[in-house]
K.L.:
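If you scroll down you'll find the structure; I have some questions about it.
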2 protein chains.
Amino acid sequence: MQKFDRNSCLREAEIFKALGHPTRLWIVKQLADGQEHCVCEFVEAVGVQFATISQHLTILRQAGLLESDKRGQSVYYRLSCPCIIDTLKCLADKKTE
Amino acid sequence: MQKFDRNSCLREAEIFKALGHPTRLWIVKQLADGQEHCVCEFVEAVGVQFATISQHLTILRQAGLLESDKRGQSVYYRLSCPCIIDTLKCLADKKTE
DNA sequence: ATGTTATTATGTTATATTACTAAATAACAA
DNA sequence: TTGTTATTTAGTAATATAACATAATAACAT
């Protein structure tokens, strides 16, 4: 058994924490097809305030899961770590056991 | 873009939420070798109260990540979904980029 | 320059989480 | 039985998170 080193676990835990909210997990799934989507699309589909979606997107970006680009008036988000999709698939399989 | 269905995301998000704490993520990593470990080992290595570790283990078990068995005076925990290890590896690789 | 749309930042309140202490339970030893 | 060790449960206080309203910013159109 290793000795527990809090700091070395904090960064990785942050990634999972970011995924640990239904809205944020759903956003990641929407981006799993590799396509970009803009903030307004998420706002419309989820049905909450712009500010709330923006806050969730910031958390996902800070965790390193998303990247964004501003083009014209809109900000577009895409998945930065496609490996997360495999995990989601694995969990989906597990759910139907 | 799909319509957002909160309930269908809640269960899966719970799994990630469980992993989104440094102590709990560390516990899962310790079990990643496939071996069982008892509660007291985690308590000693992490250096917090028994009650705190027990609480974390309960969260991981409820998320479906761990299974436990009581043998004699000790309760032994093991990983119930080895696929999570692949994800942890993938994230570890990503971290060194 | 002014207005409009898209987005982010700030402040606030309600709720959830964390880690603790203390009490309860369960298995075994003396 | 009594005591001891391992673990869980319950209650509590500090801290963190969520979602909102509102203000600020940024790009484009008129």
Side-chain angles (χ1 to χ4, degrees), chain A residues 1 4-7 9-28 30-31 36-78, chain B residues 1 4-7 9-28 30-31 35-63 65-78:
Chain A
M1 173 93 49
F4 174 66
D5 174 21
R6 192 167 195 279
N7 286 333
C9 292
L10 258 177
R11 170 67 190 150
E12 240 172 342
E14 199 190 332
I15 299 170
F16 289 108
K17 197 155 85 173
L19 292 166
H21 185 286
T23 301
R24 292 198 292 265
L25 185 57
W26 178 85
I27 287 173
V28 169
Q30 298 319 111
L31 295 169
E36 290 187 327
H37 291 283
C38 89
V39 186
C40 59
E41 294 179 72
F42 299 126
V43 173
E44 190 184 348
V46 178
V48 293
Q49 296 293 110
F50 241 106
T52 302
I53 292 294
S54 181
Q55 188 178 311
H56 285 313
L57 287 167
T58 298
I59 289 168
L60 287 167
R61 188 160 35 75
Q62 284 178 349
L65 289 162
L66 302 188
E67 291 171 0
S68 64
D69 272 314
K70 183 163 198 172
R71 287 198 299 279
Q73 290 162 273
S74 300
V75 178
Y76 293 89
Y77 281 84
R78 64 180 172 281
Chain B
M1 175 91 50
F4 174 66
D5 175 23
R6 192 166 195 281
N7 286 334
C9 292
L10 258 177
R11 170 71 190 148
E12 240 172 343
E14 199 189 333
I15 298 170
F16 289 107
K17 195 154 86 174
L19 293 167
H21 185 285
T23 301
R24 292 196 295 264
L25 184 57
W26 178 84
I27 287 173
V28 168
Q30 299 318 112
L31 296 170
Q35 298 297 111
E36 289 187 327
H37 291 283
C38 88
V39 185
C40 59
E41 294 180 73
F42 299 127
V43 172
E44 190 185 346
V46 178
V48 294
Q49 296 293 109
F50 242 106
T52 302
I53 293 294
S54 182
Q55 188 178 311
H56 285 313
L57 288 168
T58 299
I59 290 168
L60 288 167
R61 189 160 33 77
Q62 284 176 350
L65 289 162
L66 302 189
E67 292 170 0
S68 64
D69 272 316
K70 182 162 200 172
R71 288 199 298 279
Q73 289 162 275
S74 301
V75 177
Y76 292 89
Y77 280 84
R78 63 180 173 278

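So you know, we letter chains A, B, ... as the sequences are listed, proteins then strands, and number each from 1. Since we're looking at a predicted model, the values are computed, not measured.
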K.L.:
Would you indicate what A:Arg71 reaches in the nucleic acid, counting non-hydrogen atoms under 4.0 angstrom: base, sugar-phosphate, or nothing?
P.N.:
nothing

K.L.:
Choosing from D:dT9, D:dT7, C:dT18, which nucleotide comes nearest the side chain of B:Ile59?
P.N.:
C:dT18

K.L.:
Compare side-chain N and O positions of A:His21 against OP1 and OP2 of D:dA19 and report whether any pair is under 4.0 Å apart.
P.N.:
yes

K.L.:
How many whole angstroms separate atom CZ of A:Phe16 from atom C1' of C:dT17?
P.N.:
19 Å

K.L.:
So A:Arg61, base contact, sugar-phosphate only, or nothing? Heavy-atom distance under 4.0 Å.
P.N.:
nothing

K.L.:
Charged N to carboxylate O under 4.0 angstrom, B:Arg11 versus B:Glu14?
P.N.:
yes

K.L.:
Is there a Watson-Crick or G-U wobble partner for D:dT30 with both distances under 3.5 Å, and which nucleotide is it?
P.N.:
C:dA1

K.L.:
How many whole angstroms separate atom CG of A:Leu19 from atom P of D:dA18?
P.N.:
12 Å

K.L.:
Look at B:Ser54 and D:dT7 and indicate whether a side-chain polar atom (N or O) is within less than 4.0 Å of OP1 or OP2.
P.N.:
no

K.L.:
Looking for any heavy atom pair under 4.0 Å, which part of the strands does B:Tyr77 touch: base, sugar-phosphate only, or nothing?
P.N.:
sugar-phosphate

K.L.:
Measure CD/B:Gln73 against P/D:dT8 and give the value in whole Å, please.
P.N.:
14 Å

K.L.:
Please check if atom CD in A:Glu44 has more than 12 non-hydrogen atoms from other residues, nucleotides or ligands closer than 6.0 Å.
P.N.:
no

K.L.:
For B:His37 and D:dT7, give me the distance from atom NE2 to atom P, rounded to whole Å.
P.N.:
14 Å

K.L.:
Out of D:dA26, C:dA27, D:dC20, which nucleotide sits closest to the side chain of A:Val48?
P.N.:
D:dC20

K.L.:
Looking at A:Tyr77, I'd like to know if the NZ or CZ of A:Arg61 sits under 6.0 Å from its six-membered ring centre while staying within 45 degrees of the ring's axis.
P.N.:
no

K.L.:
Assign B:Thr52 to base, sugar-phosphate, or nothing according to its heavy-atom contacts below 4.0 angstrom with the strands shown.
P.N.:
base

K.L.:
Using whole Å, what does the distance between atom C1' of nucleotide D:dT9 and atom CD of B:Gln62 come to?
P.N.:
13 Å

K.L.:
Do A:Leu19 and A:Val28 touch side chain to side chain, with heavy atoms closer than 4.5 Å?
P.N.:
yes

K.L.:
Kindly assign one of parallel, tilted or perpendicular to the pair A:His21 and A:His56, based on the angle between their ring planes and the thresholds 30° and 60°.
P.N.:
tilted

K.L.:
Would you mind reading off the distance between A:Phe42 atom CZ and C:dT7 atom C1', rounded to a whole angstrom?
P.N.:
14 Å

K.L.:
B:Leu60 has an atom CG; how far is it from atom P of C:dT17, in whole Å?
P.N.:
14 Å

K.L.:
Does a distance-only test, which skips hydrogens and angles, find a donor-acceptor pair under 3.5 Å between the side chain of B:Gln55 and the base of C:dA19?
P.N.:
yes

K.L.:
Among D:dT8, C:dT7, D:dT22, which nucleotide sits nearest the side chain of B:Val75?
P.N.:
D:dT8

K.L.:
Give the nucleotide from the list D:dA18, C:dT7, D:dA26 with an atom nearest to the side chain of A:Phe50.
P.N.:
C:dT7

K.L.:
So, is B:Gln49 near the phosphate of C:dT21, with a side-chain N or O under 4.0 Å from OP1 or OP2?
P.N.:
yes

K.L.:
Would you say B:Lys17 reaches C:dA16's phosphate, i.e. side-chain N/O to OP1/OP2 under 4.0 Å?
P.N.:
no

K.L.:
Tell me, do B:His37 and B:Ile27 make a side-chain contact under 4.5 Å, heavy atoms counted?
P.N.:
no

K.L.:
CG of B:Asp69 versus P of D:dT8: gap in Å, rounded?
P.N.:
12 Å

